[in-house]
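Remarks on the structure that follows.
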Amino acid sequence: MTVENVVDHPPHAAWLPDAAFTAVGRRRVAVLAPDVSGPGARIPAPGPDRSREVLATLHHEVAAATAAHGGAVVGQDEAPDLLLTLLPGPAHPGPPHPGSAPTPPPSPAPARSGFRVVRDDGRVTVSATGPTALLHGFFHVVRQGEDAFTGPDTDETHAPAQALRVLDHWDNVDVHAVMGQVERGYAGGSIFYDDGRVRDDLSRVTAYARLLAAVGIDRVCINNVNVHAREARLLTDDLAEVARIAAALRPYGVRTHLAVSFAAPMTLGGLPTSDPLDDDVRAWWRAAADRVWATIGDFGGFVVKADSEGQPGPFAYGCDHADGANLLAAAVAPHGGVVHWRAFVYDHTQDWRDRSTDRARAAYDHFAPLDGRFADNVVVQVKHGPLDFQTREAVSPVLAAMPRTRLALELQVTQEYTGQQRHACYLGPWWSENLAFRPWGDDGARVADVVAGRGPGPGGGIAAVSNVGDDRFWTGHPLAQANLYAFGRLAWDPALDAADVLDEWVSLTFPGDDGTVDVRVREVLHAVLDDSWHTYESYTAPLGVGFMVRPGHHYGPDVDGYEYTPWGTYHFADRDGIGVDRTRATGTGFTGQYPAPWRDVYESLETCPDELLLFFHHVPWTHVLHSGVTVAQHVYDTHFAGVERVRETVAAWESLAGLVPGDVDTRVRERLAEQLRSATEWRDQLNTYVWRKSGVADAHGRTIY
């Protein structure tokens, strides 16, 4: 399958085609903010709030929308339908609409990252105390379409639940010999780099920042957490080039972060050590941070993967992760910087013969004892599950184990284990389940509360691995754009319903000339995507066991591919049964890392949820699930049903011929054809494997090889 490159084709508009601005663009719009055009403008130069650039962007967006749809840019005293106002103090709704009832007293100003929306007799005022927040407010009105201007009067304040909303790019400057330009990237090359250097033309980076601003994401780490020799130099030799990328992101209020190597004082600075307790090492990092912020005033901070999968770290010096993270935290603290320190640390040279070793335990075992020792500007970034972004796994117990540490939830938008953007798999429902999970039971805080600072700890936000590349459709599969959109919206408001978020994406991505979506298009896209995560789960690794993928590239079925390797990703299938015993009574003890009630729910076969059974227990093939069927029969039934659901998906999409753009239609058809082929291969391999291992026949007599 060929991948279209941005050089040959303009990028797809994703959720911001011109038609998405119809409702706003046909109205009279005013922007009440200091003038940004002249040398005497009373707006700060580029700095922490990116004021000048962001306000200029807002003016440009308003002018473009009204020019395209027949509206007008007017003054605040010309009775605008939409007033966007930047205020230094408490937000107010602006002057009343002629003939309207008196405006109620203003409510307290929104947080600097939030905005207030007042609708009074059909007139809408958006106010904020920061330019990026006002831009987010503008896109909020765009997202609502005509609904923003209709209905009863209202006064609402909107602010992100998470203070930090970050996308991590696993982009390499050089093309890596094994992982390519973008590690675990499935949408072409990097939008930042080409031919071993930062791209000359970064206009696509600005277009990307626009997409992110429209969903409230305001931070991007621009390079791979596996920092190779070439990428390491972004911190030093190529800092001016990083500044160019930052300048391309800045107009939409997006701040730049860098992934750095813990060994940088040695590899870049010529020091004999990277010991976090060494004075020269500390001085090197302080000087490095000073240079970064002197060059990029609104730089965000560093992302670090240490002592994991071969990356250097503090273990080499007899130190722990708190020592390592605090070293960098001290260097960036004078500049208001943040260190995102990933908790993805485990032994990747395990002995498959030793069932007492459990990769799932690793993050907790390494990090929970360090609670309270991390500096205030360190965010420990925790994968949503204890293994590695599987289609189904338990929520990481680390998220309930460190109440004195800033914790961030890490998600994977790029679909490494969920079809690699060749399969339609909308992940919003899966992320919503993770965010809504209550580690302490029904009366306790949710994961979303923990990472927002509304739980027992200070909170560190949400991060995710981005899924874009230089493919024309940004994400390779046009429907995979929904995952990037959903991440931004759920990071802003984790209480949103994933189906409603999908509906927003449909409305913004597939509007007709009048700004509305054909009813049939909306129905089919929901039919294709609403339950697509469960569909993918049904024909791949069953009941939470995970992996069963081809080693290395992780695409397609290979049931025993990792079973005898050092990676610790086992399912232990034999003639008698399958699954990993992680109980306290007879297994690895992993269930004991959870607080009550989950430590006991997962421990017991009677209460462990079916979808996680093989994650926590080794059971016979004839074990009867709560659903009433055996494990073996469950595999047969779900894998046959999953392929049929993909067939239905193909037919549903084909019914849209002529109702969606031709290029989108062609690409989606190609991807769905591959999904059906792959799902069939998954079905046949898994079913055959279970039949040959267990000898349990399919109760319905279907063909198994």
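The shown structure was predicted, so the numbers you read here are calculated from the model rather than taken from an experiment.
Between the side chains of E606 and S604, at least one donor N or O sits under 3.5 Å from an acceptor N or O. Between the side chains of H176 and N172, not a single donor N or O lies within less than 3.5 Å of an accepting N or O. In the model, Q420 has no side-chain atom that pairs as donor or acceptor with a side-chain atom of E416 under 3.5 Å. Judged purely by distance below 3.5 Å, without hydrogens or angles, the side chains of N226 and E309 never pair a donor atom with an acceptor atom. Looking at H321 and W341, their side chains do bring a donor and an acceptor atom within 3.5 Å of each other. Between the side chains of E504 and Y485, a donor-acceptor pair is found at a separation under 3.5 Å. At a cut-off of 3.5 Å, with distance as the only test, no side-chain donor of D171 or Q181 sits close to an acceptor on the other residue. In this structure, a donor-acceptor pair under 3.5 Å is absent between the side chains of D637 and H634. Between the side chains of R599 and T591, not a single donor N or O lies within less than 3.5 Å of an accepting N or O. Counted by atom type alone, T583 and T586 present one or more donor-acceptor pairs between their side chains at under 3.5 Å. Under 3.5 Å, the side chains of E393 and Y417 contain no donor-acceptor pair of N or O atoms. Between the side chains of D600 and Y594, no donor-acceptor pair is found at a separation under 3.5 Å.
Two residues are said to be in side-chain contact when any heavy atoms from C-beta on lie closer than 4.5 Å; W621 and I578 meet this criterion. Residues D558 and V549 have side chains not in contact (no heavy-atom distance under 4.5 Å, counting atoms from C-beta outward). Side-chain contact between S466 and Y208 is present, with heavy atoms from C-beta onward closer than 4.5 Å. V450 is listed as a side-chain neighbour of W440, based on a closest heavy-atom distance under 4.5 Å. Side-chain contact check for W492 versus Q162: every heavy-atom pair is 4.5 Å or farther apart. Within the 4.5 Å cutoff, side-chain heavy atoms of V501 are placed close to those of Y426. Residues N224 and H169 are not in side-chain contact: their nearest non-hydrogen atoms beyond the backbone lie 4.5 Å or more apart. For the pair D168 and V303, the minimum side-chain heavy-atom distance is below 4.5 Å.
Distance alone, capped at 3.5 Å, places no donor-acceptor pair between the Q381 side chain and the A343 backbone. Distance alone, capped at 3.5 Å, is enough to place a donor-acceptor pair between the E563 side chain and the H571 backbone. A donor-acceptor contact shorter than 3.5 Å links the side chain of Y570 to the backbone of T565. Proximity of a side-chain donor or acceptor of R671 to a complementary backbone N or O of Q421 within less than 3.5 Å is detected. Side-chain atoms of R438 come within 3.5 Å of backbone N or O of G444 as a donor-acceptor pair. Looking only at distances, no side-chain donor or acceptor of R342 sits under 3.5 Å from a matching main-chain atom of V304. Panel note: side chain T405, backbone L407; no donor-acceptor pair is recorded below 3.5 Å. Judged purely by atom type and a 3.5 angstrom limit, T649 has no side-chain atom pairing as donor or acceptor with the backbone of V528. Using a distance-only test at 3.5 Å, with no hydrogens or angles considered, a donor-acceptor pair links the side chain of R406 to the main chain of G459. Side-chain N or O atoms of H423 include none that pairs as donor or acceptor with a backbone N or O of C425 at under 3.5 Å.
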Exercise. Please walk me through it: do D365 and Q593 pass side-chain contact (heavy atoms from CB on, under 4.5 Å)?
Worked result: CA-CA 9 Å; D365 288 343; Q593 293 186 343; 3.2 Å; yes
For this session: Test side-chain contact (heavy atoms from CB on, under 4.5 Å) on H554 and Y562 and set out the steps.
Result: CA-CA 10 Å; H554 297 167; Y562 276 106; 2.6 Å; yes
For this session: Go through D574 and K693 one step at a time and tell me if the salt bridge (charged side-chain N to carboxylate O under 4.0 Å, His left out) criterion holds.
Result: CA-CA 6 Å; D574 55 28; K693 281 283 186 180; over 6 Å; no
Exercise. What's the verdict on side-chain contact (heavy atoms from CB on, under 4.5 Å) for W474 and L211, showing C-alpha distance, side-chain angles and the deciding distance?
Worked result: CA-CA 11 Å; W474 294 99; L211 294 177; 3.8 Å; yes
Exercise. Can you list the steps and then say if Q675 with Y539 is a side chain to side chain donor-acceptor pair (under 3.5 Å)?
Worked result: CA-CA 11 Å; Q675 182 173 358; Y539 60 76; 3.2 Å; yes
Exercise. Stepwise, does the side-chain contact (heavy atoms from CB on, under 4.5 Å) test hold for V668 with L479?
Worked result: CA-CA 8 Å; V668 173; L479 304 188; 4.2 Å; yes
For this session: Could you go through the side chain to side chain donor-acceptor pair (under 3.5 Å) check for Y705 and N687 one step at a time?
Result: CA-CA 8 Å; Y705 300 94; N687 286 349; over 6 Å; no
Problem set entry | Step-by-step ring-ring contact (aromatic ring centres under 6.0 Å, His included) determination, H384 to W430 | CA-CA 10 Å; H384 71 78; W430 182 209; 5.4 Å; yes
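Note that CG of L167 and NE2 of H257 are 11.0 Å apart. Values are rounded to the nearest 0.5 Å. Between atom OG1 of residue T418 and atom OH of residue Y536 there is a gap of 6.0 Å, rounded to the nearest 0.5 Å. Distance check, rounded to the nearest 0.5 Å: CG of L387 to CH2 of W567 gives 13.5 Å. The structure places OG1 of T703 at 8.5 Å from CZ of R683, a figure rounded to the nearest 0.5 Å. The OG1 atom of T607 sits 7.0 Å away from atom NE2 of H626, with the distance rounded to the nearest 0.5 Å. Here the CG-CD distance, from L484 to Q481, works out to 8.5 Å after rounding to the nearest 0.5 Å.
Relative ring orientation between F616 and Y602 is described as parallel, the plane-to-plane angle staying below 30° on a 0-90° scale split at 30° and 60°. Note: W170 and F389 have tilted aromatic rings, judged against thresholds of 30 and 60 degrees for the angle between ring planes. Using cut-offs of 30° and 60° on the angle between ring planes, the pair W653 and F510 is perpendicular.
With sequence neighbours excluded, the residues satisfying salt bridge (Lys or Arg N to Asp or Glu O under 4.0 Å) with R392 are E433, E537.
Annotation: cation-pi pair R355/F572 present, NZ/CZ under 6.0 Å from the ring centroid and within 45° of its normal. Geometrically, R359 engages Y346 in a cation-pi contact, judged by NZ or CZ lying under 6.0 Å from the ring centre and within 45° of the ring axis. The cationic atom of R422 (NZ for Lys, CZ for Arg) lies less than 6.0 Å from the six-membered ring centre of Y555 and within 45° of the ring axis.
The six-membered or imidazole ring of W691 lies away from that of Y636, with a centre-to-centre distance of 6.0 Å or more. Between H12 and F473, the ring centre distance stays below 6.0 Å.
Here D347 does not pair with R361 in a salt bridge; the nearest charged N to carboxylate O distance is not below 4.0 Å. The pair R645-E648 fails the salt-bridge criterion, with no side-chain N (NZ, NE, NH1 or NH2) lying under 4.0 Å from an Asp/Glu carboxylate O. Using a 4.0 Å cut-off between a side-chain N of Lys or Arg and a carboxylate O of Asp or Glu, R522 and D503 qualify as a salt bridge.
Of the candidates N483, V413, N467, N467 is the only one forming a side-chain contact (heavy atoms from CB on, under 4.5 Å) with T475.
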